[in-house]
Every structure is written in C-alpha cells, then in structure tokens.
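Have a look at the structure below, then the notes.
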Amino acid sequence: MRIGVVAPAGRIDEVVAARAMAFAAIAYPSVDLIFHPQCYRTDGGHFAGPDSARAAAFLEYANDPTIDALWFARGGYGSNRILADVIPNLGPAAKTKSYAGFSDMGFILGALYARRIGKPVHAPMVSSINNSNGGDAVIARTLSWLVDKDRRWLEPSLGKQPTVAFNLSILNNLLGTQWMPDLTDHVLMIEEVSEALYRVDRMLFQMANATQLKGIAGVRLGAISDVTPNTPEFAESPQQMIERWCKDMKVPFLGPADIGHVRTNKVVPFGLV
C-alpha cells in the first residue's frame with residue numbers, strides 16, 4: 001500500500017518524517033510511506049511553502065492513481081487557503097482515496113465530505129509521533145485504519161448513524177461557506193485546544209445557532225484541552241456549556257467522544273463506518 005504524506009498547512013522536519021518512516025517500515029512492512037518534498041518547505045515562518053506549492057503537492061498526490069491514501073503531516077493553519085484551488089481540480093483517482101488528519105485539516109475533510117470525494121477520516125497525523133507519551137502508538141491508529149480498517153481504534157460510540165468530527169474553531173469557520181457539508185441526521189463530534197473557556201462558549205453559540213446545522217442527530221464532546229487561563233475563571237465547565245447549548249439547539253447531548261488534541265485521539269471516518 002502506498003500512502004502519500006503532504007502538508008497543506010504547517011511544515012514538519014526530516015527528523016519527524018524519518019521517525020514515522022522507520023516505525024511504519026517495522027510495524028507495517030506492506031506500507032510505502034512517501035513524503036512529498038513540500039512537507040519540509042517553509043514560507044513566512046508558518047506555512048509548509050506558499051499556498052501554490054501546498055495546493056500543487058496535494059493535487060499531485062491526490063490525483064496519482066498509484067497512491068492509495070493521503071495522510072496529512074500536521075495541522076497549524078493554512079489548509080483553508082488552498083480549498084478553492086484543490087477541490088475543483090480533483091480527478092477520478094482522488095475519489096477512491098482515504099484522507100486522514102484532524103485539527104486544521106478539518107477544512108479539507110469537510111470540503112471533501114461536502115462533495116462526497118473519497119473517504120475523509122478524523123485521525124492522528126504524522127506529527128502525532130512527537131507525542132511524548134507513546135507517539136508510535138498514536139500514529140499506529142491511523143495506519144491500522146488505512147491499511148487494515150482495524151476497528152479497535154475507532155471512537156467507541158460510532159454506530160448506526162453517520163458521524164463527523166471537527167475541531168470547534170474549524171467548524172465555526174466552515175459554517176456559512178460553500179465548503180460546509182450537509183450534516184442532516186449526523187452525530188457531530190467536537191473538540192478544542194488552547195482556547196479560554198469563554199471563547200469555547202462563544203463558539204458553541206455559533207454552532208447552536210447555525211442554520212446549516214439544523215437537523216443534526218446529536219452532539220458529542222471530545223477533549224477541551226490546554227485551556228488558556230482566564231481571570232476571572234469562567235463559571236461553567238465544558239460539559240455544562242455543551243448541555244446548555246444543545247438544549248437551545250434542540251438536539252440531544254450524547255455524551256463524551258474520545259477525540260481531540262490528546263494522546264487518546266481516536267479514529268472517526270466521516271459518514272457511516
């Protein structure tokens with residue numbers, strides 16, 4: 001199996017790529033993990049090359065019929081800036097692939113799902129190997145799903161209803177755009193990282209009042225991690241907030257989801273498993 005790695009947002013370095021390739025070679029000898037040179041580029045100190053280079057690398061691997069899946073290198077910021085260049089230019093080969101990542105990659109996963117192109121998957125990225133507490137095991141979940149469709153690493157609540165998973169701030173930025181998929185009858189899983197709780201509450205207001213989310217089947221709450229301190233402390237916990245906004249939204253709060261910017265981040269294929 002050939003898995004192509006591209007970086008639509010932030011860059012990674014050769015050391016991280018080498019660690020991932022070494023792990024894959026031992027644990028998944030049937031996998032040929034191919035890093036596009038664009039992954040190591042830099043532009044403005046943040047992006048993995050200019051927008052044109054990131055778009056070109058994505059299209060090159062997505063439209064290559066010899067590559068079976070695309071695995072995103074890392075998040076950061078920037079995948080939204082290339083949507084208009086890549087989504088309309090995806091050919092027949094792109095429609096058969098899985099696309100795995102999360103966080104900022106939610107822009108691409110959502111846009112693909114909106115047009116039913118390929119199989120978007122919310123899952124750990126290559127950069128997750130840097131997790132100080134067992135990074136190999138974290139990226140193994142994504143590889144196990146891409147290679148073997150190993151159900152052990154799926155988010156445990158997945159069932160008979162179609163499901164999607166998004167970082168909350170990415171979801172907020174997708175709402176109101178042409179890239180937002182129709183989530184009627186879907187379970188929506190959300191997570192967030194590095195935000196103050198009052199900002200999370202503000203984003204939940206947007207979610208609860210978004211006309212594009214009318215008709216969802218329910219909401220599950222993933223990890224709200226690395227919360228930014230705020231003085232005074234916000235009066236509600238994340239669960240209290242989501243329960244209140246789900247009542248306003250008139251959809252059930254279905255409980256926790258094991259996703260997010262945490263070591264336990266599980267795999268969530270978009271749609272029905």
Practice item. Please state whether the rings of Tyr40 and Phe35 are parallel, tilted or perpendicular, taking 30° and 60° as the class boundaries. Key: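 Rings of Tyr40 and Phe35: parallel, as their planes differ by under 30°.
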Review point. Between Phe58 and Phe72, what is the ring plane arrangement, given parallel below 30°, perpendicular above 60°, and tilted in between?
Key: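 Judged by the thresholds at 30° and 60°, the geometry between Phe58 and Phe72 is parallel.
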Check your understanding: How about His122 and Tyr99: are their ring centres within less than 6.0 Å of each other?
Key ->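 Not close enough - the centres of the two rings lie 6.0 Å or further apart.
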Exercise for review: Drop me the distance from Asn172's CG to Gln206's CD, to the nearest 0.5 angstrom.
Suggested key: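 Those atoms lie 5.0 Å apart.
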Review point. In Å and rounded to the nearest 0.5 Å, what is the CG to CD distance from Leu204 to Glu243?
Key: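 The CG atom of Leu204 sits 12.0 Å away from the CD atom of Glu243.
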Can you find a heavy atom in the side chain of [X] that is under 4.5 Å from one in the side chain of [Y]?
| X | Y | value |
| --- | --- | --- |
| Met180 | Leu213 | yes |
| Phe270 | Val121 | no |
| Val5 | Leu33 | yes |
| Leu90 | Lys95 | no |
| Phe102 | Glu191 | yes |
| Gln161 | Asp185 | no |

Practice item. Could you state whether Ile259 and Val138 fall into the same hydrophobic cluster, counting links through intermediate Ile, Leu, Val, Met, Phe, Trp or Tyr residues with side-chain heavy atoms under 4.5 angstrom apart? Key: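 No; Val138 is not reachable from Ile259 via cluster members.
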Check your understanding: Going hydrophobic residue to hydrophobic residue with side-chain gaps under 4.5 angstrom, can you get from Met1 over to Met21?
Key ->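 The answer is yes; both residues are in one hydrophobic cluster.
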Point to revise | Residue that, paired with Asp258, satisfies salt bridge (Lys or Arg N to Asp or Glu O under 4.0 Å) out of Arg263, Lys266, Arg141 | key: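 Of the listed options, the one satisfying the test is Lys266.
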Review point. Between Tyr61 and Ala69, is there a donor-acceptor pair closer than 3.5 Å when you use the side chain of the first and the backbone of the second?
Key: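 No, Tyr61 side chain to Ala69 backbone: no donor-acceptor pair under 3.5 Å.
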Practice item. Say whether, by atom type as modelled, one donor and one acceptor occur between the side chain of Ser103 and the main chain of Met105 under 3.5 angstrom. Key: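 Pair absent, no side-chain N/O of Ser103 close to backbone of Met105.
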Check your understanding: Would you call Asp68 and Arg2 a salt bridge, using N to O less than 4.0 angstrom?
Key ->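 Answer for the salt bridge query: no.
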Check your understanding: Quick one: do Asp104 and Arg74 make a salt bridge, cutoff under 4.0 Å?
Key ->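 So Asp104 does not pair with Arg74 through a salt bridge.
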